[in-house]
Amino acid sequence: MRIAFTGSHRVGKTTLAEEIAESLPDYEFINEPYLQLEEEGYLFSEIPTLEDYMEQFNFSVEQLQNSDGNTIFDRCPLDLLAYIYAVSKKKNISSLYEEMTTAIAEIDLLVFIPIEKVDLISCQESDLPNLRQEVNDILEDWIGDFSNEILEVSGTLENRKKQIFDKITNMR
């Protein structure tokens with residue numbers, strides 16, 4: 001099973017994805033594109049640009065295309081396209097949307113972590129809270145467009161983990 005986590009920044013995706021991966025030792029954990037690209041020497045702008053998000057989007061599509069079953073992805077092309085759209089509303093994203101849709105069709109379970117009302121994770125001004133909210137709103141708008149098995153999680157880390165494991169059990 002391929003499991004991907006999606007959401008804007010500072011919602012707990014990585015923490016949750018790492019916890020799930022730790023509990024599923026036969027799964028490969030794939031770090032988010034930003035960290036992998038940075039490790040490979042890609043120099044990101046201090047405040048990410050459209051080009052930075054495009055690079056991550058393309059890398060994320062490749063990650064999905066080159067993956068096998070039993071993989072957990074910390075981020076997927078869906079949220080990266082939401083960032084692209086948020087930072088450049090004038091850019092025509094229709095071909096990117098098609099590419100993203102094709103890529104995420106390979107995902108068996110898409111776990112969406114929205115910003116909760118009474119935000120559980122604080123977002124400092126330096127963490128671009130307006131962009132965070134805008135990406136969240138875009139994802140909430142788009143998430144219903146896909147035929148993937150989608151799980152929106154909320155609550156504490158333990159509650160979120162339970163929701164995911166319950167869903168995985170029901171899918172088997």
Side-chain angles (χ1 to χ4, degrees), residues 3-21 29-39 42-64 72-94 96-97 99-101 103-104 107 109-146 148-164 167:
I3 304 169
F5 290 78
T6 190
S8 63
H9 57 285
R10 310 259 327 132
V11 293
K13 277 184 320 304
T14 300
T15 302
L16 181 57
E18 288 173 344
E19 288 276 328
I20 297 300
F29 178 77
I30 306 289
N31 258 328
E32 68 172 276
Y34 181 92
L35 296 175
Q36 288 193 29
L37 286 164
E38 192 175 54
E39 196 173 282
Y42 184 88
L43 296 175
F44 287 96
S45 303
E46 190 167 325
I47 296 176
T49 63
L50 173 61
E51 291 75 27
D52 291 335
Y53 290 120
M54 286 295 300
E55 189 72 27
Q56 292 176 75
F57 174 83
N58 292 328
F59 193 86
S60 183
V61 168
E62 279 182 37
Q63 284 179 320
L64 272 170
I72 295 172
F73 299 91
D74 179 15
R75 278 217 183 278
C76 71
L78 173 59
D79 40 327
L80 293 164
L81 186 58
Y83 278 97
I84 290 168
Y85 186 65
V87 300
S88 183
K89 292 267 190 317
K90 293 178 183 164
K91 181 169 181 56
N92 183 342
I93 64 162
S94 58
L96 293 174
Y97 193 89
E99 185 178 358
M100 177 270 300
T101 301
I104 70 167
I107 295 170
L109 176 59
L110 186 59
V111 179
F112 174 47
I113 302 122
I115 297 172
E116 295 193 41
K117 305 303 180 235
V118 180
D119 200 348
L120 298 182
I121 300 171
S122 67
C123 186
Q124 307 298 324
E125 194 60 39
S126 62
D127 291 328
L128 306 171
N130 293 339
L131 178 60
R132 177 179 180 244
Q133 185 63 56
E134 187 170 358
V135 167
N136 184 79
D137 294 346
I138 292 166
L139 289 170
E140 285 183 338
D141 196 38
W142 289 354
I143 199 76
D145 292 350
F146 310 103
N148 305 64
E149 211 42 69
I150 297 169
L151 175 64
E152 183 175 322
V153 297
S154 61
T156 65
L157 178 59
E158 289 306 313
N159 288 344
R160 291 173 178 190
K161 284 170 47 178
K162 182 180 180 337
Q163 292 166 49
I164 292 169
K167 182 69 169 181

Would you say [X] and [Y] make side-chain contact, with heavy atoms under 4.5 Å?
X      : Y      : answer
Glu38  : Leu35  : yes
Ile93  : Phe57  : no
Phe5   : Glu32  : no
Ile115 : Gln133 : yes
Leu110 : Ile143 : yes
Phe112 : Leu78  : no

Determine the minimum heavy-atom distance between Ile72 and Ala21, stating which atoms define it.
CD1-CA, 3.5 Å
If every non-hydrogen atom of Asn31 is compared with every non-hydrogen atom of Gln63, which pair is closest and at what distance?
O-NE2, 3.2 Å
Whether [X] side chain and [Y] backbone form a donor-acceptor pair below 3.5 Å:
X     : Y      : answer
Ser88 : Ile84  : no
Arg75 : Gly7   : yes
Arg10 : Arg132 : no
Glu99 : Asn58  : no

Under a plain distance cut-off of 3.5 Å, with no hydrogens placed, do Asp52 and Tyr42 share a side-chain donor-acceptor pair?
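Result is yes, a qualifying pair exists.
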Side chains of Gln163 and Asn159: any donor to acceptor distance under 3.5 Å?
no
For the pair Tyr83 and Tyr53, name the ring-plane relationship: parallel under 30°, tilted 30 to 60°, perpendicular over 60°.
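Tyr83 vs Tyr53 ring planes: parallel.
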